[in-house]
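First the structure, in the form of structure tokens, and then the observations on it.
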Amino acid sequence: MPMPAKREVPQATLGRIRAVVDAIGQGARRTEQIGQLVGCSPRHAAYGVAGARALELVADEDAPEPLTALGAELAQTERGSEAELALLRRAVAESAFVSELAPGLLGEGAPLQQEIVDRIRGATPLSAATAAHRAAMLLCWRRQLVVAGTLTPTRRSPGGLWRRLSLDHFRSFARLSVDLPPFAVLCGPNGSGKSNLVDALLLVRDLAADAAAAVHSRGGLGRILCRGAAGEGDIVLGLRAAASRRALGSDYVRHRCRLAPGPDGGAAIAEELVELVAGGECRLGITRRGAATERSDGAPGWTVGERTSALCHALLLPELRRANALVAVRRLRLEPDLMRGGSSESEPARLEESGANVATAVRGFAGTTLLGRLQALMAEIVPGLREIGVQEQEGRLGLVFQMAQPDGAAVPFDAASMSDGTLRAFGLAVAALQLGQLGRDELLIVEQPETGLHAAAARQIFDLCEEAAEHGAVLLVTHCRELVDRASDEELVCCEMVDGSSHAAPLAPGERERVRDGRPVAAEGDPTAGA
């Protein structure tokens, strides 16, 4: 795919644009080559090239040199340096194209998003939904250059993992095979299957801990068995994880199991497979039928109980350490009242589902740049916020917020003084920032991030989660039109109910407007792909 030649309204982060400039400076010319160097798809590489052209960092194709003088100067700066930020501020300020769309973007006061949308629509044939998405990106540039003073990490990052989920006869899904990118936005009407898709990911995780309890906690096998028009059968769950979408077919780790009725009306694992595949060939597979397991390498298997998944044993094998990506799933269900109660010093730093240990988690940011980033983000959400700290209160750790007063003094407030919406935003920000500490195996699931938040705060949380997917994986589940607008077509996964059964697939081409109206149309997936 050749690099885009015409000026396009930018839709890439400044970090991606910087990485693209470096790749072009290293000799890459086609988007496939640029994507390989940057660590992204050719499509996202093309977005980066378009953004670099809008900032006049990349020359037109007929120019003798691929980079402009400003682009060549940028390529010589150290990533993350003030020199880099200064050059990007200069590029944004001097870009006639950006000034036409968003005059005063780097000025003292931010332009209104709707004004930018109107200018984009007046200058281009873009739809209102697409224009809103592009306007949000320009405002993201402002936050990076004016407010935060830092870019999305521009070093090449391995990024979060791709996952392929397959289901047979699970809840509202008669059959499903869907690929989830490292940053995915799951949308669809009420009752279309979004929560059931999330629960399938959690069930795979829970089966590894206690298979019988995982099913019992969901009301028993009968409550999770799909009884739709497709007919009945055993529940089959499959999940695989890989470094890229292409690798889902050749280099991955996967778990597949079939649940059948067990004794006393419970559930039993009838069949199971845990497999590591590299270069299209099985490097190690563990197959289970009943209580017996076999290893593909000829080593002795083991006997497992009906309450135990073979995945539980597989995770102990060094050869299958990558299988951790199948169970490293965390869903946030933040409870502000528990967040106000403080936490014990002995609690783990990894933020719990409820957020009850948030003070311990924030203490884990001490001595890192994460605390400063957390403070910068929350200062945009909570006007007057100066500083965030942790202090001991009656034997427990609690949050302390320093708030500016009209006379310039700062007054401390504890978490009990903060609103539910502020604490939810705070917990979401902490969890997203932690992905950089926990590693790329992690999948963070955030349902309805817009709940209790002002639209501007929800947009900031969205941007932070998208950035966090450079380190782990994030699945946002939302009904919010504005957040759907903010997602690219490649990031959207749509759920819909068809003939009594749920379907989920990437956004169908040309259907973004219907998504905005709450009537998503998923692309035709391959239900036979499996996991």
Side-chain angles (χ1 to χ4, degrees), residues 14 80-82 85-86 89 105-111 139-153 334 336-343 345 349 351 355-394 396-437 449 452-465 467-468:
L14 290 173
S81 66
E82 181 56 39
L85 287 172
R89 291 189 190 106
L105 182 63
L106 303 185
E108 184 174 346
L139 290 172
C140 179
W141 288 8
R142 172 186 165 79
R143 287 195 298 275
Q144 291 176 314
L145 295 176
V146 177
V147 180
T150 182
L151 303 185
T152 298
L334 298 170
D337 286 342
L338 294 180
M339 297 173 70
R340 294 185 177 98
S343 56
E345 291 190 28
L351 189 67
N357 66 330
V358 65
T360 306
V362 172
R363 188 180 64 169
F365 290 169
T368 73
T369 60
L370 297 179
L371 184 58
R373 296 184 61 202
L374 178 62
Q375 290 179 165
L377 175 74
M378 292 306 299
E380 291 192 66
I381 295 174
V382 183
L385 178 65
R386 284 189 180 178
E387 188 177 344
I388 298 167
V390 177
Q391 69 178 26
E392 186 175 345
Q393 300 172 339
E394 299 179 356
R396 296 179 65 78
L397 296 178
L399 296 171
V400 178
F401 302 87
Q402 298 288 339
M403 303 294 297
Q405 301 302 299
D407 61 2
V411 176
F413 289 83
D414 59 19
S417 304
M418 294 297 173
S419 68
D420 286 1
T422 297
L423 290 176
R424 286 195 185 96
F426 190 82
L428 291 173
V430 170
L433 290 171
Q434 277 191 338
L435 280 183
Q437 296 179 315
L453 295 183
H454 185 274
R459 292 194 298 267
Q460 289 157 357
I461 292 297
F462 180 98
D463 292 344
L464 181 62
C465 288
E467 177 184 337

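When all heavy atoms of Pro412 and Val400 are compared, the pair lying nearest together is CB-CG1, 3.9 Å. Closest heavy-atom contact between Ala410 and Arg386: CB-NH1, 3.7 Å.
Between the CG atom of Leu374 and the CZ atom of Phe365 there is a distance of 6.5 Å, given to the nearest 0.5 Å. Taking CG of Leu14 as the start and SG of Cys140 as the end, the distance is 7.5 Å to the nearest 0.5 Å. Between the CG atom of Leu377 and the CG atom of Leu370 there is a distance of 12.0 Å, given to the nearest 0.5 Å. With values rounded to the nearest 0.5 angstrom, Glu392 atom CD is found 5.5 Å from Glu345 atom CD. Distance check: Glu387 CD to Phe401 CZ gives 11.5 Å after rounding to the nearest 0.5 Å. In this structure, the separation between CZ on Arg373 and CG on Leu433 is 5.5 Å, given to the nearest 0.5 Å.
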Inset, instruction - In sequence, state the C-alpha distance, the side-chain angles, and the governing distance for Leu385 and Met403, and then conclude on side-chain contact (heavy atoms from CB on, under 4.5 Å). - result: CA-CA 5 Å; Leu385 178 65; Met403 303 294 297; 3.6 Å; yes

Inset, instruction - For Leu399 and Val390, run side-chain contact (heavy atoms from CB on, under 4.5 Å): C-alpha distance rounded to whole Å, both residues' side-chain angles, the deciding distance at 0.1 Å, then the answer. - result: CA-CA 5 Å; Leu399 296 171; Val390 177; 4.2 Å; yes

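Not one N or O on the side chain of Arg142 forms a donor-acceptor pair closer than 3.5 Å with the backbone of Pro111. Checked by atom type and distance alone, the side chain of Arg89 pairs as donor or acceptor with a backbone atom of Leu145 at under 3.5 Å. Formation of a donor-acceptor pair under 3.5 Å by the Thr360 side chain with backbone atoms of Ser343 is not found in this model. With Gln434 contributing its side chain and Ala349 its backbone, the two residues share a donor-acceptor pair below 3.5 Å. A donor-acceptor contact shorter than 3.5 Å links the side chain of Arg340 to the backbone of Met418.
Residues Ile381 and His454 are not in side-chain contact: their nearest non-hydrogen atoms beyond the backbone lie 4.5 Å or more apart. With a 4.5 Å cut-off on side-chain heavy atoms, Leu351 and Asn357 count as touching. With contacts defined as side-chain heavy-atom distances shorter than 4.5 Å, the pair Leu428/Gln460 does not qualify. Residues Leu334 and Leu423 are not in side-chain contact: their nearest non-hydrogen atoms beyond the backbone lie 4.5 Å or more apart. Using a 4.5 Å heavy-atom cutoff, the side chains of Ile388 and Phe426 are in contact. For the pair Glu467 and Gln144, the minimum side-chain heavy-atom distance is 4.5 Å or more. In this structure the side chain of Arg424 never reaches within 4.5 angstrom of the side chain of Ile461, judged on heavy atoms. For the pair Asp414 and Gln391, the minimum side-chain heavy-atom distance is 4.5 Å or more.
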